[in-house]
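Okay, structure first, notes after.
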Amino acid sequence: MLERKCLECGQKLSGRKDQKFCSDYCRNTYNNRLNEDATKYVRRINNILRKNRRILATLNPTGKRTVDAITLAEEGFNFHYYTNMYQTQKGNTYYFCYEQGYSKLDGDQYVLVLKQDYVK
């Protein structure tokens, strides 16, 4: 019979035939290492989205405001990352970071808005 060993530490396993790890610690360590690259990428994107949301919320305390692109850029806003888009019937596109949104106006102006219930 083939001796079974823990996938993380190599310790001999006894018990269930489908057992792969000797302990919860080894199972967690193995899976965390396995998912480490994806976790770093997702964490980096989530940090950018949270920063964008925080910037929009700080600049738009009343729910609707117009700001310059320079103001957003100076705060560190990253226009490449957003959680969703909404296009109005008039063809205007709003980009959202969670519930905080923005849309480009003429020139270097942006209107900042708070997501309404009808926006999906």
Side-chain angles (χ1 to χ4, degrees):
M1 183 170 156
L2 189 62
E3 187 174 280
R4 298 175 300 122
K5 294 186 178 194
C6 175
L7 295 177
E8 179 60 24
C9 69
Q11 183 176 334
K12 182 180 175 186
L13 297 175
S14 60
R16 292 175 42 168
K17 290 187 186 259
D18 62 346
Q19 185 178 9
K20 296 178 182 179
F21 304 99
C22 64
S23 66
D24 286 340
Y25 175 81
C26 279
R27 179 179 47 81
N28 286 331
T29 302
Y30 179 86
N31 286 320
N32 285 342
R33 193 169 10 85
L34 193 66
N35 297 320
E36 188 174 37
D37 291 338
T39 303
K40 284 180 187 175
Y41 178 75
V42 170
R43 188 178 301 124
R44 185 178 70 81
I45 300 301
N46 282 337
N47 286 338
I48 293 168
L49 289 170
R50 280 197 304 272
K51 182 177 180 180
N52 278 354
R53 181 194 170 276
R54 193 169 42 251
I55 291 167
L56 292 172
T58 302
L59 293 175
N60 185 23
T62 60
K64 189 169 186 178
R65 181 175 174 207
T66 303
V67 297
D68 293 327
I70 293 169
T71 303
L72 290 167
E74 285 174 346
E75 294 293 324
F77 191 82
N78 189 329
F79 290 93
H80 299 288
Y81 294 91
Y82 47 87
T83 55
N84 64 309
M85 295 169 42
Y86 176 75
Q87 192 155 19
T88 65
Q89 291 178 346
K90 293 180 181 179
N92 297 330
T93 302
Y94 286 85
Y95 299 90
F96 287 92
C97 293
Y98 304 102
E99 82 286 6
Q100 298 290 333
Y102 63 95
S103 181
K104 184 158 178 37
L105 299 174
D106 293 332
D108 283 341
Q109 296 287 309
Y110 285 85
V111 62
L112 308 183
V113 297
L114 193 59
K115 185 183 269 188
Q116 303 299 313
D117 291 335
Y118 59 84
V119 177
K120 301 210 185 232

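Everything quoted here is computed from the prediction, not taken from an experiment. Numbers here simply count residues along the sequence, with the first being 1.
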Working to the nearest 0.5 Å, report the span between CG of L13 and CD of Q19.
4.5 Å

N60 side chain to Q100 main-chain N or O, any donor-acceptor pair under 3.5 Å?
no

Donor-acceptor side-chain pairing of R50 and N47 below 3.5 angstrom
yes

Check whether any side-chain N or O of T83 sits under 3.5 Å from a backbone N or O of Y98 as a donor-acceptor pair, and report yes or no.
yes

CG of D24 to CZ of R27: how many Å apart, nearest 0.5 Å?
4.5 Å

Y94 reachable from L105 in the ILVMFWY side-chain graph, under 4.5 Å edges:
yes

Okay, side chain of K5, backbone of E8: is any donor-acceptor separation there less than 3.5 Å?
no

Identify whether Y41 and L34 are in the same connected component of the hydrophobic contact network (ILVMFWY, side-chain heavy atoms under 4.5 Å).
no

Could you walk me through whether R65 and L59 satisfy the side chain to side chain contact (heavy atoms under 4.5 Å, CB included) test, starting with their C-alpha distance in whole Å, then the side-chain angles of each, then the deciding distance to 0.1 Å, before giving a yes or no?
CA-CA 8 Å; R65 181 175 174 207; L59 293 175; 4.1 Å; yes

Heavy-atom donor-acceptor pair, D68 side chain to I70 backbone, under 3.5 Å
no

Is there a donor-acceptor pair closer than 3.5 Å between any side-chain N or O of S103 and the backbone N or O of T93?
yes

Walk me through it: do L114 and T62 pass the test side chain to side chain contact (heavy atoms under 4.5 Å, CB included)?
CA-CA 9 Å; L114 193 59; T62 60; over 6 Å; no

Side-chain contact, heavy-atom cut-off 4.5 Å: E99 with R53?
yes

One should read off an interatomic distance between N31 CG and L7 CG, to the nearest 0.5 angstrom, of 9.5 Å

Donor-acceptor pair, R4 side chain versus R16 backbone, under 3.5 Å?
yes

I'd like to know whether Y110 forms a ring pair (Phe, Tyr, Trp, His ring centres under 6.0 Å) with F79, so could you lay out the CA-CA distance, the side-chain angles of the two residues, the decisive distance to 0.1 Å, and finally the verdict.
CA-CA 12 Å; Y110 285 85; F79 290 93; 5.2 Å; yes

For atom NZ of K51, is the number of surrounding heavy atoms from other residues, nucleotides or ligands below 6.0 Å larger than 12?
no

When you look at R43 and N46, which way does the side chain to side chain contact (heavy atoms under 4.5 Å, CB included) test go after all the steps?
CA-CA 5 Å; R43 188 178 301 124; N46 282 337; 5.8 Å; no

Of all heavy-atom pairs between C6 and C22, which one has the smallest distance, and what is that distance?
SG-N, 3.5 Å

Side chains of L56 and F77: does their closest heavy-atom pair fall under 4.5 Å?
yes

Whether over 12 other heavy atoms sit under 6.0 Å from N28 CG
yes

F96 vs Y82, test: ring pair (Phe, Tyr, Trp, His ring centres under 6.0 Å). Steps then yes/no.
CA-CA 6 Å; F96 287 92; Y82 47 87; 9.7 Å; no

So N84 and K115, side chain to side chain contact (heavy atoms under 4.5 Å, CB included) or not? Walk me through it.
CA-CA 11 Å; N84 64 309; K115 185 183 269 188; 3.3 Å; yes

So does D18 have more than 12 non-hydrogen atoms from other groups sitting under 6.0 Å from CG?
yes

